[in-house]
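In what follows, a single structure is set out as structure tokens and then discussed.
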Amino acid sequence: MSGPARVPALPRLSTVAVDAEQRAVTFMAASVLLDYPGADQLGRVAAVRDGVADLPPQVRERLLTVAEHLLGSEGDAAARHYVATFDLRRKCSMYLSYFHTGDTRRRGSALVRFVEAYRAGGWEVDRDELPDFLPITLEFAAVGDAEIGTSLLAAHREGLEVLRSALTSLGSPYAAAVEAVCMVLPRPTPDVEDRFLQLITAGPPTEMVGLSALGPLEPFAPGGASHEGVRA
């Protein structure tokens with residue numbers, strides 16, 4: 001039996017200097033672009049084009065790449081592409097704690113930490129998603145508590161880098177939105193870089209346990225298939 005598919009490590013992205021407002025705009029735009037592209041979401045995607053005008057060119061161009069892809073998709077093509085990209089590939093999970101814990105007993109505690117972080121910032125998640133869903137964390141960092149939200153994202157930099165590498169290897173336009181997020185985050189330490197290089201090779205842990213108290217923990221897109229049959 002073959003091992004997990006290898007995802008190549010990518011060159012390190014240069015950190016782009018931004019002020020607090022530009023970082024918040026980047027996070028909010030990426031939150032919109034990385035969310036499930038239902039019919040009601042595409043109106044928000046259109047607003048991204050004007051909203052990112054004052055960002056540094058390297059960041060702005062990446063966000064516009066994703067916006068134009070979504071707005072140029074016909075019918076339900078964007079939704080089908082989203083499901084095909086994020087639904088069946090472990091290394092393309094949109095759930096940040098999954099990269100650290102996979103399907104192990106540690107996942108429940110990790111999700112609780114996200115809930116506690118949001119509450120510390122005066123937030124309650126009011127949508128039918130797990131609290132570590134990347135678009136939720138990005139929105140919190142943008143319009144909730146910037147310090148706590150940015151710290152949450154930086155603490156899961158390994159997962160973001162695995163996601164970036166996996167999306168790039170697929171030739172997915174979504175890679176550009178993840179790149180934009182990584183470019184405005186603080187530079188990772190050498191230890192963090194070592195950990196995400198290991199995750200890129202091995203993927204998330206796969207010990208399966210019951211975590212029914214917190215609901216379904218498999219990474220899946222809204223309306224998509226379950227974790228069964230997931231690829232690396």
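Just so it is clear, the model here is predicted, and its values are computed rather than measured.
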Is the closest side-chain heavy-atom distance between [X] and [Y] below 4.5 Å?
X      : Y      : value
Arg49  : Glu68  : yes
Leu153 : Leu96  : yes
Asp35  : Arg127 : yes
Met183 : Thr26  : no
Val18  : Val25  : no
Tyr95  : Leu111 : no
Val125 : Phe140 : no
Leu185 : Thr150 : yes

Test item: [X] side-chain N/O and [Y] main-chain N/O as donor-acceptor pair under 3.5 Å:
X      : Y      : answer
Ser169 : Ala166 : yes
Arg60  : Val52  : no
Gln22  : Asp19  : yes
Thr65  : Glu61  : yes
Tyr118 : Pro131 : yes
Arg23  : Ala141 : no

To the nearest 0.5 angstrom, please state how far the [atom1] atom of [X] sits from the [atom2] atom of [Y].
X      : Y      : atom1 : atom2 : value
Arg62  : Leu13  : CZ    : CG    : 6.0 Å
Arg80  : Thr85  : CZ    : OG1   : 11.5 Å
Glu179 : Leu63  : CD    : CG    : 10.5 Å
Leu70  : Leu34  : CG    : CG    : 9.0 Å
Glu139 : Phe133 : CD    : CZ    : 11.0 Å
Leu163 : Tyr98  : CG    : OH    : 13.0 Å

side-chain contact (heavy atoms from CB on, under 4.5 Å) between Trp123 and Asp145, intermediate numbers included: CA-CA 9 Å; Trp123 254 46; Asp145 189 298; over 6 Å; no
Aromatic plane relationship, Tyr174 with Tyr82 - under 30° parallel, 30 to 60° tilted, over 60° perpendicular: perpendicular
Connected via hydrophobic side-chain network under 4.5 Å: Leu138 and Val115: no
Same apolar cluster: Leu170 and Tyr36, side chain cutoff 4.5 Å: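 In one cluster with Leu170: Tyr36, no.
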salt_bridge(Arg113, Glu116) N-O dist < 4.0 Å: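 Answer for the salt bridge query: no.
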